[in-house]
Every structure is written in C-alpha cells, then in structure tokens.
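A quick write-up on the structure given underneath.
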Amino acid sequence: MNSYLARIALTASLGAGLAFAAPAMAATYKIDSSHVHTAFEVNHLGFSTTMGQFDDVSGTIEFDEENPAASSVEVTIQTASVDTGHKERDEHLRKADFFDVENHPTMTFKSTAIEMTGEDTAKITGDLTLLGVTKPVVLDAKLNKKGEHPFDASRYVAGFAATTTIDRTAFGMDYAAPAIGKEIKISIAAEAIRQ
C-alpha cells in the first residue's frame, strides 16, 4: 500500500473511531399525563396540614443516559387545576389571594443545572415561575427506573421522583401568612415516555 492509500486508510480508521466514541445525544421524554402526580402540603393554623395536588401537569425531559448531568427538565402546571378535595377552598385558591389563575394561568419550572449526588440521585436547580415571579429552587430527584414498558415493548419509560420546599411569600403569595404556612412542601412522581 503506497503512502497516499495508507493516509486515507488511517484517516478513515480515526474517523470511525471518533464517531464510535462520540457521546450519546439526549433523548426527548414526554411526561405521561396519566402517571404524574404533583402534590403539596401546607400547615393550616398549626392545627393540621392541608394537602393538595395539581391535576393538569405537562412537560418534557431531555434525558442523557450517558451523562445525566447534561439532561434538562421543563414542566408546566395549569394553576386552575389545583385540587384539595374541597370545592369552596379550591375556588378561593384560584383567586387573587393565592394562585390568581385569571392573570397567571400557569406555573413553570425550567432546569438550569443538574448535580449528580449518587448513581440515580441528583439535585436539579431550576427557575420556578409563580405569579409572574421567577426564583431559583432545588429539587432532590431520584431516577426510579428506566426501560421498556412491561406491557408495551414499543414504549421506553423513565420514572422519577422529586421533592422540594418553597417559601410562597417569596413569590408574592402573602395571604394569611404565617398563620397559613409560608413553607410549602412539594413532591412529584412522574413517568416519562421516550419520543
């Protein structure tokens, strides 16, 4: 083999090696609306804990299995879907004292950084926008499982859980604080399907 052909062969070999070693691209996962639960807890006058949830949650996850720290998350919650199991209270929560759904129909979270804390755990920092105010929050997140759906092999699913605590008054939700607790505990459980 002459030197010219040798150089071509070497270049092709190196190119193939680099292509093989290239990092995997993140895959897009869509939150499964039938398997997502976003719940909250707030102290009520010291007597009890009021618990609720949001019934309309959507979002996407750009999940890089090879480098999870390079992943990202975006979630949108329809604030009018707040549900505490009590009609009159939910109507009040939708008004200007709390979620002001007429002027702020959505609450959003967009990740800005992910720090892996274990093989399947991470701290996800992101911007939470509530009542038109954006503040950084940190989610303690866990990857529960990823793989083919046992009842439908055409679907590849990743399941996550996350928790955080926010100060509602930091977003301008001051009504009856601190008698009704300022701190809101939030927990999220979600399955997301690879697109």
Side-chain angles (χ1 to χ4, degrees), residues 27-44 49-63 71-112 114 124-146 149 151-152 155-176 180-195:
T28 299
Y29 287 71
K30 184 177 180 181
I31 289 176
D32 180 356
S33 61
S34 67
H35 292 95
V36 58
H37 186 72
T38 302
F40 61 87
E41 301 179 18
V42 58
N43 182 287
H44 184 254
T49 299
T50 297
M51 301 179 184
Q53 64 187 35
F54 293 94
D55 297 330
D56 190 342
V57 182
S58 60
T60 56
I61 301 168
E62 297 296 327
F63 183 36
S71 302
S72 63
V73 182
E74 289 192 16
V75 176
T76 298
I77 295 172
Q78 303 298 320
T79 53
S81 73
V82 64
D83 179 3
T84 65
H86 188 274
K87 181 180 177 181
E88 289 79 10
R89 178 171 53 226
D90 293 344
E91 288 175 354
H92 187 195
L93 288 172
R94 294 183 184 106
K95 293 181 178 177
D97 286 340
F98 291 100
F99 290 102
D100 192 11
V101 302
E102 184 175 347
N103 295 305
H104 303 285
T106 62
M107 173 179 10
T108 61
F109 175 82
K110 295 183 179 182
S111 66
T112 56
I114 297 178
I124 303 176
T125 300
D127 291 329
L128 176 65
T129 300
L130 170 62
L131 296 174
V133 177
T134 301
K135 298 282 184 180
V137 300
V138 179
L139 302 176
D140 289 309
K142 183 179 188 300
L143 171 64
N144 296 322
K145 180 180 178 180
K146 56 183 172 63
H149 195 287
F151 301 142
D152 183 354
R155 290 193 294 168
Y156 191 89
V157 181
F160 302 89
T163 59
T164 192
T165 300
I166 65 169
D167 177 351
R168 66 183 175 96
T169 64
F171 298 88
M173 191 185 287
D174 300 319
Y175 180 82
I180 296 176
K182 292 167 54 176
E183 290 194 343
I184 310 295
K185 295 180 180 178
I186 299 171
S187 60
I188 303 160
E191 294 180 19
I193 302 171
R194 190 168 65 189
Q195 302 301 290

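No hydrogens, no waters, no symmetry mates; every other heavy atom, side chains included, goes into these values.
Side-chain contact check for His44 versus Ile180: some heavy-atom pair is nearer than 4.5 Å. Between Ile166 and Leu128, some side-chain heavy-atom pair lies under the 4.5 Å cut-off. Under the 4.5 Å side-chain criterion, counting only non-hydrogen atoms from C-beta, Ile114 is not in contact with Thr125. Side-chain contact check for Ile77 versus Thr38: some heavy-atom pair is nearer than 4.5 Å. You'll find the side chain of Thr163 stays beyond 4.5 Å of the side chain of Ile186, heavy atoms only. Side-chain atoms of Leu131 and Asp100, non-hydrogen and from C-beta on, do get closer than 4.5 Å to each other. Contact of the Thr76 side chain with the Glu74 side chain is not registered, since no non-hydrogen atoms from C-beta on lie closer than 4.5 Å.
Residues Ala170 and Val133 share a closest heavy-atom pair of O-CG1, 3.9 Å. The two residues Ser81 and Asp56 come nearest to each other via the heavy atoms OG-N, 3.1 Å.
Applying the side chain to side chain contact (heavy atoms under 4.5 Å, CB included) test to Ser72 and every residue at least two apart in sequence or in another chain returns Glu62, Ser111. Residues that satisfy the salt bridge (charged side-chain N to carboxylate O under 4.0 Å, His left out) test with Arg155, not counting sequence neighbours, are Asp152. Residues satisfying the side chain to side chain donor-acceptor pair (under 3.5 Å) criterion with Thr108, sequence neighbours excluded, are absent altogether. Every residue meeting the side chain to side chain donor-acceptor pair (under 3.5 Å) condition with Tyr156, not counting sequence neighbours, appears here in chain and number order: Glu65.
Distance OG1/Thr79 to CZ/Phe54: 7.0 Å, rounded to 0.5 Å. Between Thr28 atom OG1 and Gln195 atom CD the span is 7.5 Å, to the nearest 0.5 Å. Rounding to the nearest 0.5 Å gives a distance of 14.5 Å between NZ of Lys185 and CZ of Phe40. For the atom pair OG of Ser187 and NE2 of His37, the computed distance is 6.0 Å after rounding to the nearest 0.5 Å. Phe109 CZ to Thr112 OG1: the interatomic distance, rounded to the nearest 0.5 Å, is 7.0 Å. Here the straight-line distance linking atom CE of Met51 with atom CG of Asp83 works out to 14.0 Å at 0.5 Å rounding.
Checked against the 6.0 Å centroid threshold, Phe63 and Phe160 count as a close aromatic pair.
In terms of modelled atom types and a separation under 3.5 Å, the side chain of Arg168 and the main chain of Phe98 share no donor-acceptor contact.
Checking each of Ile31, Ile61, Asp32 against Ile193 for a side chain to side chain contact (heavy atoms under 4.5 Å, CB included) leaves exactly one that passes, namely Asp32. When each of His104, Arg94, Met173 is paired with Phe99, the side chain to side chain contact (heavy atoms under 4.5 Å, CB included) condition holds for Met173 and for no other.
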Enumerate, atom names and distances included, each donor-acceptor pair closer than 3.5 Å involving a side-chain atom of residues 134-142, sequence neighbours excluded.
from, atom 1, to, atom 2, distance (Å)
Thr134, OG1, Thr129, OG1, 2.7
Asp140, OD1, Lys123, NZ, 2.5

Please table the atom pairs, donor to acceptor, closer than 3.5 Å between any side-chain atom in residues 84-93 and protein atoms at least two apart or in another chain.
from, atom 1, to, atom 2, distance (Å)
Thr84, OG1, Arg89, NE, 2.8
Thr84, OG1, Arg89, NH2, 3.4
Thr84, OG1, Asp90, OD1, 2.5
His86, ND1, Arg89, N, 3.1
Arg89, NH2, Thr84, O, 3.3
Asp90, OD1, Thr84, N, 2.9
Asp90, OD2, Thr84, N, 3.2
His92, NE2, Asp97, OD2, 2.7

- Item | Derivation and outcome, side-chain contact (heavy atoms from CB on, under 4.5 Å), residues Gln53 and Asp55 | CA-CA 6 Å; Gln53 64 187 35; Asp55 297 330; 2.7 Å; yes
